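As structure tokens, the structure follows; a few thoughts come after it.
Since the model is a prediction, treat every value here as computed from it, not as a measurement. Here is how names work: the chains are called A, B, and so on, in the same order as the sequence lines, proteins then strands, and each is numbered from 1.
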Amino acid sequence: DAKTTQPPSMDCAEGRAANLPCNHSTISGNEYVYWYRQIHSQGPQYIIHGLKNNETNEMASLIITEDRKSSTLILPHATLRDTAVYYCIVPTGTASKLTFGTGTRLQVTL
Amino acid sequence: ETGVTQTPRHLVMGMTNKKSLKCEQHLGHNAMYWYKQSAKKPLELMFVYSLEERVENNSVPSRFSPECPNSSHLFLHLHTLQPEDSALYLCASSQDPLGAGNGELFFGEGSRLTVL
């Protein structure tokens with residue numbers, strides 16, 4: 001997988017937007033950016049993915065820079081239940097090559 | 001509820017035991033996966049099955065033996081494990097493992113294994 005770099009941890013106040021950055025400067029033209037999260041002691045949960053355009057779904061928005069070297073996952077109104085480790089993944093080739101790194105541990109506080 | 005069910009949720013076994021982990025998906029997917037998550041380590045992909053054929057084996061020791069009898073069920077047979085094999089074992093499924101834009105995996109809750 002293309003290498004991704006994420007901050008190890010972030011804090012966010014409940015009700016505020018959480019903006020989680022990811023650098024993927026070696027991404028190639030046909031590689032997607034995926035975001036997953038893992039709440040403590042649960043399996044990872046798919047959030048969103050994109051190629052070039054910004055994407056939005058019921059969970060989050062994904063903003064990809066024009067040069068595609070970085071992206072930001074936005075949780076518009078973070079809640080305590082959003083406390084989790086968030087993984088940014090750029091798989092090379094097939095979905096079977098999803099490699100989970102260490103991610104960003106997001107702590108949402110009152 | 002993700003549509004992927006793993007049993008048992010917790011398992012304690014001795015090094016000489018033989019046990020199995022079971023995974024069942026109710027999503028009509030074609031591909032199933034085993035991942036291992038050790039304490040304070042990233043998830044490691046172990047095996048990938050596509051249409052009941054193993055398409056990926058990431059240098060996993062032979063004491064772990066996967067079985068995929070049909071596209072809805074996946075097993076991980078455990079034999080002569082070591083204490084360092086204690087981990088959370090996660091099963092996942094996806095519609096199609098081959099497309100670059102199809103990286104949406106659905107994970108189960110995991111089976112937490114302790115080897116004494």
Taking atom [atom1] of [X] as the centre, report whether more than 12 heavy atoms of other residues, nucleotides or ligands fall under 6.0 Å from it.
X     : atom1 : result
B/R63 : CZ    : yes
B/E84 : CD    : yes
A/R68 : CZ    : yes

Worksheet entry | chain A contact via B/Q6 - side chain, backbone, both or neither, heavy atoms under 4.5 Å |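 Neither the backbone nor the side chain of B/Q6 comes within 4.5 Å of chain A.
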Does one hydrophobic cluster hold both [X] and [Y], with members joined at side-chain heavy-atom distances below 4.5 Å?
X      : Y     : value
B/W34  : B/F75 : no
A/L106 : A/L80 : yes
B/M13  : B/M15 : yes
A/L75  : A/M59 : yes
A/I47  : B/V4  : no

Worksheet item: Is the shortest heavy-atom distance from the side chain of B/E44 to the side chain of A/T99 under 4.5 Å?
Response: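 Result no, sub-4.5 Å side-chain heavy-atom pair not found.
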Worksheet item: Just wondering, do A/I48 and B/E104 contact through their side chains at under 4.5 Å, heavy atoms?
Response: no
Practice prompt. Kindly say whether the aromatic ring centers of A/F100 and B/Y35 come within a distance under 6.0 Å.
Written response: yes
Worksheet item: Looking only at heavy atoms, what is the nearest atom pair of B/L90 and A/G43, with distance?
Response: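 That would be CD2-CA, 3.6 Å.
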Response to the item:
For B/P42 and A/G101 the tightest heavy-atom approach is CB-O, 3.4 Å
Discussion item. Working note: B/Y33 + A/L98, criterion side-chain contact (heavy atoms from CB on, under 4.5 Å); need CA distance, chi angles, decisive distance, verdict.
Written reply: CA-CA 11 Å; B/Y33 310 73; A/L98 277 187; over 6 Å; no
Worksheet item: Any donor and acceptor pair, going by atom type alone, linking the side chain of A/Y36 with main-chain N or O of B/L105 inside 3.5 Å?
Response: yes
Item to complete: Enter the distance from B/F106:CZ to A/Q45:CD here, rounded to the nearest 0.5 Å.
Response: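 Nearest 0.5 Å value for the CZ-CD distance: 10.0 Å.
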Item to complete: Working to the nearest 0.5 Å, report the span between OG of A/S41 and CD of B/E109.
Response: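 With rounding to 0.5 Å, OG (A/S41) is 9.5 Å from CD (B/E109).
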Item to complete: Could you give me the CA-CA distance, side-chain angles and deciding distance for A/Q38 and B/L43, then say whether side-chain contact (heavy atoms from CB on, under 4.5 Å) is met?
Response: CA-CA 11 Å; A/Q38 188 174 21; B/L43 279 84; 3.7 Å; yes
